[in-house]
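Structure record follows, encoded as structure tokens.
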Number of protein chains: 2
Amino acid sequence: MDRSSGVPAFRQVAADLRERIVAGEYEPGARLPSERELVDNYGVSRPTIRDAIDLLRAEGRVDAVRGVGVFVRPPTQIERLARSRLSRAARAENKGAFMADAAAKGFTPSSSVKIRFEPADERVAGLLGIEPGTEVTVRDRVMRANGLVVQLAVSRLPRELTRGTVIEEVDTGPGGAYARLEEAGHAIGHYVEDVGSRMPSPEEASTLQLAEGVPVITVTRIAYRQDGLPLEMNDMTLPADRYRLTYEWAAE
Amino acid sequence: MDRSSGVPAFRQVAADLRERIVAGEYEPGARLPSERELVDNYGVSRPTIRDAIDLLRAEGRVDAVRGVGVFVRPPTQIERLARSRLSRAARAENKGAFMADAAAKGFTPSSSVKIRFEPADERVAGLLGIEPGTEVTVRDRVMRANGLVVQLAVSRLPRELTRGTVIEEVDTGPGGAYARLEEAGHAIGHYVEDVGSRMPSPEEASTLQLAEGVPVITVTRIAYRQDGLPLEMNDMTLPADRYRLTYEWAAE
DNA sequence: GAGTGGTCTAGACCACAGC
DNA sequence: CTGTGGTCTAGACCACTCC
């Protein structure tokens with residue numbers, strides 16, 4: 001603790017704790033000294049210790065458990081999502097990429113869907129190449145593995161394409177909505193995915209049961225028919241500590 | 001302010017401010033009431049108000065400026081990185097994707113490179129398909145647009161592939177390292193990119209000049225020769241508020 | 001100089017976990 | 001019951017910006 005360095009005390013404490021964590025002095029899952037102990041160790045007040053710990057929480061390095069202690073967050077199991085999950089071959093065998101993925105890894109997957117119809121706003125209309133206000137079918141999905149929410153997905157299609165099909169129902173059958181579109185003569189030509197990341201809203205944090213300091217990855221996928229007509233857009237939200245996305249393509 | 005709802009006061013204040021921001025009552029760039037004004041408005045102490053504002057900062061919604069005030073963060077300019085930036089055609093015309101991108105958008109791009117040689121650790125060796133300890137050439141780049149750091153990239157290649165080439169020098173010439181590899185008979189067959197996101201370390205936050213509550217996107221790209229040999233791996237770190245990545249591929 | 005956010009103190013009481 | 005983190009108060013002083 002250097003009180004005349006100009007570096008705030010809580011940052012010095014955080015830096016020291018961070019160093020010890022990285023060095024392995026506090027191993028993953030280990031408990032840090034209690035806040036009152038740290039008060040004695042560093043000779044600062046409790047609010048200052050709490051500011052330091054809050055910093056480490058925002059960085060995603062530690063978790064606080066009320067009544068118990070502060071723990072070094074262990075690394076999470078990372079799931080890789082490859083674009084091959086969307087191939088027709090993969091579709092032929094299952095009810096959709098998510099279900100197959102999870103089952104293969106020993107999880108019990110589940111997924112709840114809510115269906116609604118609404119007019120397209122500016123963004124949706126632009127991406128689907130339709131007029132704002134045109135009715136779209138919205139499939140709002142919450143995906144779980146072993147009861148834990150692992151992914152949110154909001155799929156939108158021009159209602160014109162879904163009327164009278166099972167895409168407007170909860171169960172779209174084997175292969176999912178893409179398979180139904182293809183059966184209806186809308187063979188998919190190509191996909192585009194747009195990937196970004198940001199901190200979650202409080203609502204997202206609670207539905208995805210996100211820990212402190214964990215961003216979400218947002219993916220917007222658009223499926224185009226072979227003639228270039230947009231068939232579907234899908235806004236996905238993933239916990240960044242559990243997923244990585246992989247893309248592969250030939251040179252040129 | 002409902003003091004008996006069980007919801008902490010600072011969260012209620014944050015929720016109220018968040019609501020007003022989303023509703024447009026405080027427009028992007030607008031100043032929030034000062035902390036002391038908020039103390040009066042909500043009838044809580046200043047530390048409580050500060051907790052509320054800290055929450056909004058961690059969410060990336062507001063920026064605090066000492067001596068001035070707290071401001072609603074305006075949306076940032078988003079740059080899209082498409083995989084087409086790696087095509088041979090794009091390479092033929094310029095010194096690398098980054099420079100061309102930036103120039104096209106009216107930025108003055110610059111990039112500083114540090115070159116070093118080091119033994120491959122476990123991860124690097126695994127990704128490059130070499131034995132741990134094998135010497136690799138490391139090109140550590142900091143990319144800037146108008147003086148602002150916008151991207152970090154650490155490229156590693158087996159030293160065996162770069163010895164005696166300009167890849168071991170600061171300026172790799174037109175088309176960059178990939179062009180030099182291809183000239184040396186290592187035609188690139190395909191690329192794989194692995195995308196994730198996390199909160200930055202304090203060092204990353206300061207070199208990338210990241211605002212509060214902004215995650216980084218991490219991309220690991222591997223370039224493979226046509227026979228499948230890994231030629232290069234590239235660890236990129238991007239500010240998540242300035243970049244989105246787009247990938248496009250044909251169905252099947 | 002007045003007003004702003006940044007830091008820090010020395011307490012207090014609460015809710016919760018675990019013995 | 002004890003110890004833990006979670007919340008909150010009422011101050012204080014500082015560094016900084018702007019007039």
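All values below were derived from every heavy atom in this structure, side-chain atoms included, with hydrogens, water molecules and symmetry-related copies excluded. Order of the sequence lines fixes the chain letters, A, B, ..., with proteins taken first and strands second; residue numbering starts at 1 for each chain.
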Quiz item: Listed by chain and number, what are the salt bridge (charged side-chain N to carboxylate O under 4.0 Å, His left out) partners of B/Arg66, not counting sequence neighbours?
Solution: none

Practice problem: Strictly below 4.0 Å, heavy-atom distances to any atom of DNA chain C: list the hits from residues 54-67 of chain A, or just say none. | Solution: A/Arg66, A/Gly67

Quiz item: Between residues 43-50 of chain B and DNA chain C, which residues have a heavy-atom gap below 4.0 Å?
Solution: B/Arg46, B/Arg50

Quiz item: If you look at every heavy atom in B/Ala211 and B/Arg73, which pair is closest and at what distance?
Solution: CB-NH2, 3.2 Å

Quiz item: Of all residues at least two apart in sequence or in a different chain, which pass the salt bridge (charged side-chain N to carboxylate O under 4.0 Å, His left out) check with B/Asp241?
Solution: none

Quiz prompt | Lys/Arg-Asp/Glu bridge criterion (N-O < 4.0 Å) met for B/Asp51, B/Arg11 | solution = no

Quiz prompt | Residue whose nearest DNA chain C nucleotide is more 5′ - A/Arg36 or A/Pro8 | solution = A/Pro8

Practice problem: Please check if the side chain of B/Thr207 supplies one atom and the backbone of B/Glu203 the other of a donor-acceptor pair under 3.5 Å. | Solution: yes

Quiz prompt | Any residue meeting salt bridge (charged side-chain N to carboxylate O under 4.0 Å, His left out) with B/Asp194, in chain and number order, not counting sequence neighbours | solution = A/Arg80, A/Arg244

Quiz item: When you look at A/Tyr42 and A/Gln12, which way does the side chain to side chain donor-acceptor pair (under 3.5 Å) test go after all the steps?
Solution: CA-CA 10 Å; A/Tyr42 291 100; A/Gln12 292 186 46; over 6 Å; no

Self-check item: Rounded distance (nearest 0.5 Å) linking atom CD1 of B/Ile217 with atom CD1 of A/Ile217
Solution: 8.5 Å

Exercise. Report the C-alpha separation of B/Ile53 and B/Leu38 in whole Å, then their side-chain angles, then the decisive distance to 0.1 Å, and conclude whether the side-chain contact (heavy atoms from CB on, under 4.5 Å) test is met.
Key: CA-CA 10 Å; B/Ile53 290 175; B/Leu38 294 173; 4.1 Å; yes

Quiz item: For the side chain of B/Glu204 and the backbone of B/Ser201, is there at least one donor-acceptor N/O pair under 3.5 Å apart?
Solution: yes

Self-check item: Closest-nucleotide 5' rank along DNA chain C - winner of A/Arg11 and A/Val68
Solution: A/Arg11

Quiz prompt | Heavy-atom contact window of chain A on DNA chain D, given 5' to 3' at under 4.0 Å | solution = D/dG3 to D/dT7

